[in-house]
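These notes concern the structure reproduced below.
All values below come from the heavy atoms of this structure, side chains included, with hydrogens, waters and symmetry mates left out. Chain A is the first sequence line, chain B the second, and so forth, proteins listed ahead of strands; every chain is numbered from 1.
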Amino acid sequence: MQALSDQEQYRRQAVEELRSLGIDPFPAEGYEVDTMAADIHRDFRPGEARFSNVSLAGRIMSRRIMGAASFAEIQDASGRIQLYFKRDELCPGEDKTLYNTVFKRLLDIGDIIGVKGDVFITQMGEITVHVREFTLLCKALRPLPVVKEKEDVTFDAFRDPELRYRQRYVDLIVNPEVREIFVKRTRLVNAMRQFLNDRGYLEVETPILQPLYGGAAARPFTTHHNTLDMKLYLRIANELYLKRLIVGGFDGVYEFSKDFRNEGMSRFHNPEFTQMELYVAYRDYEWMMNLVEEMVEHLALALHGNTVVRVGEHEINFARPWKRYTMYEVIREFSGIDISRMTEAALIDVARDLGIQTEAGMGKGKLIDAIFGEKCEPLLIQPTFITDYPVEMSPLAKRHRSAEGLVERFEAICNGKEICNAFSELNDPIDQRRRFEEQLELGRRGDLESMVLDEDFLRALEFGMPPTAGLGIGIDRLTMIMTNQPSIQEVLFFPQMKPEIITQEVEGNEAANPFSQMGVPDAWASILARLGFSNPEQLRKTNPNKLFNDLGGLRKKLKLDIPALKIEEIRAWLEG
RNA sequence: CUCUCCGUAGCUCAGCUGGCAGAGCAAAUGACUCUUAAUCAUUGGGUCGAUGGUUCGAAUCCAUCCGGGGAGACCA
């Protein structure tokens, strides 16, 4: 109990007191709910019988106790509603325990209760449930941050991003606008799925664990399968599997997929993210551009009833048609330089002149991409298609039907960021093999993201794939735009973060020291156990500096009478 | 990986020209029968992120480290 705050201790005591009064703080049975808070706010009219006996359930969010009568608010999935409790109605006889002790003293903000009663309007004009009967459904052992509001001013808002992301459940309880972001995200996905189903495309699922990774330029995560004793990769894209399905005779397949890329993290990049990839046979990239315009316009309308969406300082209009530039055109437009006939060496000079860092591993494609990313992309706020990329940066796209050295590819840029990427898919297996081999060469030059050669995919292409248009659209980034959020962490329930150490209560089995062989003294072994370490392997994987920091913290907190550790001692354990 | 800002009570934050750790909310106890950031009185609550240094004395100054935000690098 030592590690608990005073408020947590009070709540645990309340659990015991409730039990001694014969009230189960965590009852097993369900609670019959027939009304939501929002129903009452929307439909209640004074004098109507319809809300004379309602049953609802939710979490207590605030309380105002005035002796023998009280107001409280509960929050259910639809919102909040005020409750009115009156002692002498809840406890008509001599025994006032239910109100005085159970409600006033043993219930807290954060507890979940069910109530039955009738709806009325208070003297202050607020729609309120007059409680005739209440039931504790779950006692909360931790206090909730209390956020208050008056005349649209919020007090003590729960805003710290670290706490909000690590404890998203708390964020969702106290910040209703956060909840709304995720509801919109799901509505966006549903609208997109409906749009695709209406056109007859088949939603499919393909492997996340792959013996080879491919379909994008990115570094993968690796894992290991014990039975097969082999290395597996987490997919970076689903492209190659979906095209195998087009070979197999489906003529429109799509997948909403979690993809994994082992790269830097930022407000636009999370190690795992969601894409929707779509492949349609007998179509080309021109057709796909029209589909993307139509689909994204449709999503904006489905979410906002309007094609204009406010994003930060900008108003973005998704109404068709969107502006279209070729890659060379847009670079000429924004930098004044015509790079269409330049060699790799000339491009390196251009990049240098524009102040862009170049590296030995960069081929022509990466150089052009760098120039575009630096000089054009951030300036494209309204949805814009960029078409016809250099062949070097698009090893899976079909050569352009008329322009030498280019491929039939487009990206849609919006708010300065790519939201999708699509091409006429390369279906010439001989060309595809050559392009993979060029990627291998880039890999030898040090490009860690170059693609690997997938023999089975080539075999599939050799059986023949119809001309196909393919699309990948980033769901997280689209959601950021559609919900006006500045970072990807705000549209992911649980963004990736460094692990947090949670201290545990440990029973006094100090005799066993699993770390003794590593040279850890018994006194510190029990502290390690508290930090959740149970075996030496676990310990060895830990950053010694962090361990040092955390052990020092616990030593101080528990006021331990042992000298502080030195970082060298911890290093010695981990190496020993 | 680089730069930069931040880390103080359950939450939001003040204190930072070194000198006994503070406020509001939340909590405890009491008063109060339509309140709404309810009100009033009393009380408790702290790994000042960690370690080391400077100092008679460090939340405050310095160094290293941990965690996080922002910007960049890398990258979609």
Side-chain angles (χ1 to χ4, degrees), chain A residues 3-11 13 62-73 82-89 105 108-110 120-126 128 130 142-151 153-166 170 174 216-219 236-237 259 261-269 273 275 357 359 366 369-370 373 377 411 413 417-421 448-449 472 474 476-477 486-489 497-501 503 543-560 564-567 570:
Chain A
L4 299 177
S5 69
D6 60 338
Q7 296 196 39
E8 290 171 296
Q9 292 183 40
Y10 284 125
R11 284 167 184 247
Q13 281 165 24
S62 72
R63 287 203 301 173
R64 292 178 287 276
I65 295 173
M66 295 153 299
S70 300
F71 288 92
E73 278 179 298
Q82 179 168 270
L83 306 178
Y84 178 67
F85 293 80
K86 194 167 180 180
R87 184 187 62 201
D88 296 331
E89 292 172 1
R105 204 157 63 72
D108 287 290
I109 289 175
F120 74 110
I121 295 184
T122 65
Q123 287 171 13
M124 302 299 286
E126 180 157 351
T128 302
H130 193 136
R142 286 179 187 259
L144 217 51
V146 177
V147 181
K148 294 193 173 180
E149 201 178 305
K150 188 189 190 180
E151 285 155 9
V153 182
T154 303
F155 298 85
D156 302 327
F158 183 65
R159 284 269 145 70
D160 179 358
E162 175 170 6
L163 284 172
R164 287 184 45 235
Y165 302 155
R166 287 198 194 280
V170 176
V174 303
R219 292 157 73 184
I236 59 171
D259 289 344
R261 297 188 183 176
N262 204 340
E263 283 163 355
M265 290 163 61
S266 73
R267 71 193 178 93
F268 293 103
H269 300 86
F273 64 101
Q275 272 203 99
Q357 276 199 335
E359 282 164 35
K366 281 226 160 188
D369 196 32
E377 192 174 28
E411 292 190 359
I413 314 291
K417 281 279 163 189
E418 171 201 347
I419 54 171
C420 78
N421 183 8
L448 295 169
E449 294 163 350
D476 310 288
R477 288 192 186 172
S487 77
I488 196 168
Q489 285 79 15
M497 300 187 89
K498 289 205 183 182
E500 160 196 43
I501 289 211
T503 59
N543 176 346
N545 292 318
K546 181 161 171 54
L547 200 57
F548 175 62
N549 198 45
D550 293 331
L551 288 174
L554 266 187
R555 170 179 165 269
K556 198 181 252 194
K557 176 167 186 170
L558 303 177
K559 299 182 171 66
L560 294 176
L565 284 161
K566 293 204 165 49
I567 182 70
I570 293 175

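- Residue-level contact check: Arg267(A) touches the backbone only, with heavy atoms under 4.0 Å from sugar-phosphate atoms and none from bases.
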Please enumerate all protein N or O atoms sitting under 3.5 Å from an N or O of nucleotides 6-10 of chain B, with distances to 0.1 Å.
none

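- Set against G67(B), G70(B), C66(B), the side chain of Asn545(A) has C66(B) as its closest nucleotide.
- The CD atom of Glu377(A) sits 13 Å away from the P atom of C74(B) (whole-angstrom rounding).
- Phe268(A) comes within 4.0 angstrom of nothing in the nucleic acid, heavy atoms only.
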Where do N or O atoms of nucleotides 58-61 of chain B meet protein N or O atoms at under 3.5 Å, pair by pair?
none

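- Separating the P atom of C20(B) from that of A58(B) is a span of 12 Å, rounded to the nearest Å.
- Note on Arg142(A) versus Glu8(A): salt bridge recorded, some NZ/NE/NH1/NH2 to OD/OE distance being below 4.0 Å.
- For Lys566(A) and U51(B), the NZ to C1' distance is 10 Å, given to the nearest whole Å.
- Remark: P of U47(B) and CG of Leu4(A) are 13 Å apart, rounded to the nearest angstrom.
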Which atoms of nucleotides 35-39 of chain B (N or O only) lie under 3.5 Å from a protein N or O atom, and what are those distances?
from: U35(B); atom 1: O2; to: Arg64(A); atom 2: NE; distance (Å): 2.6
from: U35(B); atom 1: O2; to: Arg64(A); atom 2: NH2; distance (Å): 3.2
from: U35(B); atom 1: N3; to: Gln82(A); atom 2: OE1; distance (Å): 3.1
from: U35(B); atom 1: N3; to: Gln82(A); atom 2: NE2; distance (Å): 3.0
from: U35(B); atom 1: O4; to: Gln82(A); atom 2: NE2; distance (Å): 2.6
from: U35(B); atom 1: O4; to: Thr122(A); atom 2: OG1; distance (Å): 2.8
from: U36(B); atom 1: O4'; to: Arg64(A); atom 2: NE; distance (Å): 3.2
from: U36(B); atom 1: O2; to: Arg64(A); atom 2: NH2; distance (Å): 3.4
from: U36(B); atom 1: O2; to: Gln82(A); atom 2: OE1; distance (Å): 3.4
from: U36(B); atom 1: O2; to: Glu126(A); atom 2: OE1; distance (Å): 2.8
from: U36(B); atom 1: N3; to: Glu126(A); atom 2: OE1; distance (Å): 2.5
from: A37(B); atom 1: OP1; to: Lys150(A); atom 2: NZ; distance (Å): 3.1
from: A38(B); atom 1: OP1; to: Lys148(A); atom 2: NZ; distance (Å): 2.6
from: A38(B); atom 1: OP2; to: Arg64(A); atom 2: NH1; distance (Å): 2.9
from: A38(B); atom 1: N6; to: Ile65(A); atom 2: O; distance (Å): 2.5

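- Whole-Å rounding puts the Asn543(A) CG to A50(B) P distance at 17 Å.
- Atom CD in Gln489(A) sits roughly 7 Å away from atom P in G69(B) (whole-Å rounding).
- In terms of phosphate contacts, Arg105(A) brings a side-chain nitrogen or oxygen within less than 4.0 Å of OP1 or OP2 of U29(B).
- Contact annotation: Arg164(A) side-chain N/O to G69(B) OP1/OP2 distance is not under 4.0 Å.
- Nearer to the 5' terminus of RNA chain B, by closest-nucleotide assignment, is the contact made by Ala157(A) (compared with the other of Asn421(A) and Ala157(A)).
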According to the Watson-Crick and G-U wobble definition with distances under 3.5 Å, which dot-bracket string, read 5' to 3', encodes RNA chain B, using [ ] for crossing pairs and | for pairs with another strand?
(((((((..((((.....[..)))).(((((.......))))).....(((((..]....))))))))))))....

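- Nucleic acid contact for Tyr10(A): sugar-phosphate only, since backbone atoms but no base atoms lie under 4.0 Å from a heavy atom of the residue.
- Atom CD in Glu162(A) sits about 16 Å away from atom C1' in U12(B), given to the nearest Å.
- Arg64(A) pairs by the side-chain hydrogen bond (donor to acceptor under 3.5 Å, both in side chains) definition with Gln82(A), not counting sequence neighbours.
- Atom pair Met265(A):CE and G70(B):P shows a separation of 11 Å (rounding to whole Å applied).
- Partners of Asp476(A) under the side-chain hydrogen bond (donor to acceptor under 3.5 Å, both in side chains) rule, at least two apart in sequence or in another chain, are Arg185(A).
- In this structure, CE of Met497(A) is placed 11 Å from P of G67(B), rounded to the nearest angstrom.
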